[in-house]
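Fair warning: this is a prediction, and the values are worked out from it, not measured in the lab.
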Amino acid sequence: MFESILPSATSSSFTVNEFLIVEVVAIVLGLIIGVAYMVACKNDGYSKNFIVGLSILPTVVAAVILFIGSDVARAFSMAGALTLVRFRSAPGNAKDISVVFLSMATGLGCGLGYIGYAAIFAVIAVILLIILSLSAFAKKPSNKKQLRITIPENLNYTNVFSDIFEKYTDSNKLTIVKTTNMGTMYELSYEIALRDEAEEKKFIDEIRTRNGNLNIVLGMLPVANTDSLNS
């Protein structure tokens, strides 16, 4: 089970039965990876096209490895052919890219004939993917919110709310300062973590008395896809 089913690591030949075994195992493992990704991303959503591509990737990689074998000239020819194709994926995050590499590594293991190792690697990786995705691992604190306060231009915003923030928040950070209303007012944006959600109204009321009862907006932080990548 833990040895290559192919006759030799240096051989470029394989039988029909060996080819079918490798491809069937790659298909099954690809489907397992695709299903695992759907489970891991059930809360965030996913693209059907991405799942389909992810599922067939091990099969394609396994076939490429089988066809190339140990023939150096064939490997260079394959590399030259691939350079003629420009791949461009939809913007994805680091998890998407990692799962793509998972599928490729699984297909590589199958293509080399190490189907036992490929299966164990794929199962361990998808279990880890599901656990980390559905758990609270590396999750940002849910009590962080965005606070936007409008103040008149003659009010020094540097430390004007420091005592209120110290009283009601565990953390606060001024992220954006911009002018509004033809430059006669400032809009301050803070990222805050309230110490006690039950005192939210008192917190806003004290700010209202300080900013002259101008606009105050308290809500969830905007979603910033900082790990999206374009290839």
Side-chain angles (χ1 to χ4, degrees), residues 1-70 75 78-79 82 85 87-142 223-231:
M1 180 179 178
F2 300 111
E3 295 181 359
S4 176
I5 66 170
L6 301 179
S8 171
T10 60
S11 174
S12 299
S13 62
F14 49 87
T15 66
V16 174
N17 288 337
E18 291 167 349
F19 176 79
L20 291 176
I21 292 173
V22 167
E23 287 300 292
V24 168
V25 172
I27 291 172
V28 172
L29 295 180
L31 292 174
I32 291 175
I33 293 172
V35 172
Y37 183 85
M38 288 190 292
V39 173
C41 297
K42 65 179 182 179
N43 296 327
D44 302 327
Y46 50 82
S47 166
K48 178 180 178 179
N49 291 333
F50 182 76
I51 299 298
V52 172
L54 199 63
S55 300
I56 67 174
L57 186 58
T59 309
V60 176
V61 174
V64 170
I65 297 302
L66 282 173
F67 295 151
I68 291 176
S70 60
M78 181 66 71
L82 292 178
V85 182
F87 293 97
R88 179 172 180 83
S89 61
N93 53 41
K95 181 168 70 175
D96 294 342
I97 296 173
S98 298
V99 177
V100 169
F101 279 114
L102 164 61
S103 291
M104 293 178 64
T106 302
L108 180 62
C110 291
L112 292 174
Y114 296 102
I115 57 176
Y117 284 117
I120 292 176
F121 165 71
V123 170
I124 292 175
V126 297
I127 291 176
L128 184 62
L129 171 67
I130 293 174
I131 292 176
L132 293 181
S133 298
L134 300 183
S135 68
F137 177 76
K139 189 175 182 180
K140 290 184 178 179
S142 58
V223 177
N225 192 16
T226 55
D227 57 351
S228 63
L229 301 173
N230 290 299
S231 60

*Decide yes or no for Asp96 and Val100: does some side-chain heavy atom of the first lie under 4.5 Å from some side-chain heavy atom of the second?*
no

*For Phe121, does the CZ atom sit with more than 12 other heavy atoms under 6.0 Å from it, leaving out its own atoms?*
yes

_Reported CD1-to-OH distance for the pair Ile120 and Tyr114, which is rounded to 0.5 angstrom_ = 14.0 Å

*Taking all atoms of both residues into account, what is the closest heavy-atom pair of Leu66 and Gly111, and its distance?*
CD2-O, 3.5 Å

*Measuring from Ile65:CD1 to Leu112:CG, what's the distance to the nearest 0.5 Å?*
6.0 Å

*Look at the aromatic rings of Phe67 and Phe19 and report parallel, tilted or perpendicular, splitting at 30° and 60°.*
parallel

_If you apply the rule side-chain contact (heavy atoms from CB on, under 4.5 Å), what do you find for Ile21 with Glu18, and how did you get there?_
CA-CA 5 Å; Ile21 292 173; Glu18 291 167 349; 5.7 Å; no

*asked:* Using every non-hydrogen atom in the two residues, find where Lys95 and Cys41 come nearest and quote the distance to one decimal.
replied: NZ-SG, 3.5 Å

*Please report the shortest heavy-atom distance between Ala62 and Ala26, naming the atom on each side.*
CB-CB, 4.1 Å

*Taking C-beta and beyond as the side chain, do Val39 and Leu134 meet within less than 4.5 Å on heavy atoms?*
yes

*Hey, could you give me the CG/OG distance between Leu128 and Ser133, rounded to the nearest 0.5 Å?*
8.5 Å

*Taking all non-hydrogen atoms of both residues, which atom of Leu102 and which atom of Ala125 are closest, and how far apart?*
CD1-CB, 3.4 Å

*If you measure from CG on Leu31 to CD1 on Ile56, what distance do you get to the nearest 0.5 Å?*
10.5 Å

*Minimum heavy-atom distance between Thr106 and Ala122, given as atom pair plus value*: OG1-CB, 3.9 Å

_Smallest separation among heavy atoms of Val126 and Ala36, with atom names_ = CB-CB, 3.6 Å

*How many angstroms lie between CD1 in Ile32 and OG in Ser103, if you round to the nearest 0.5 Å?*
11.5 Å

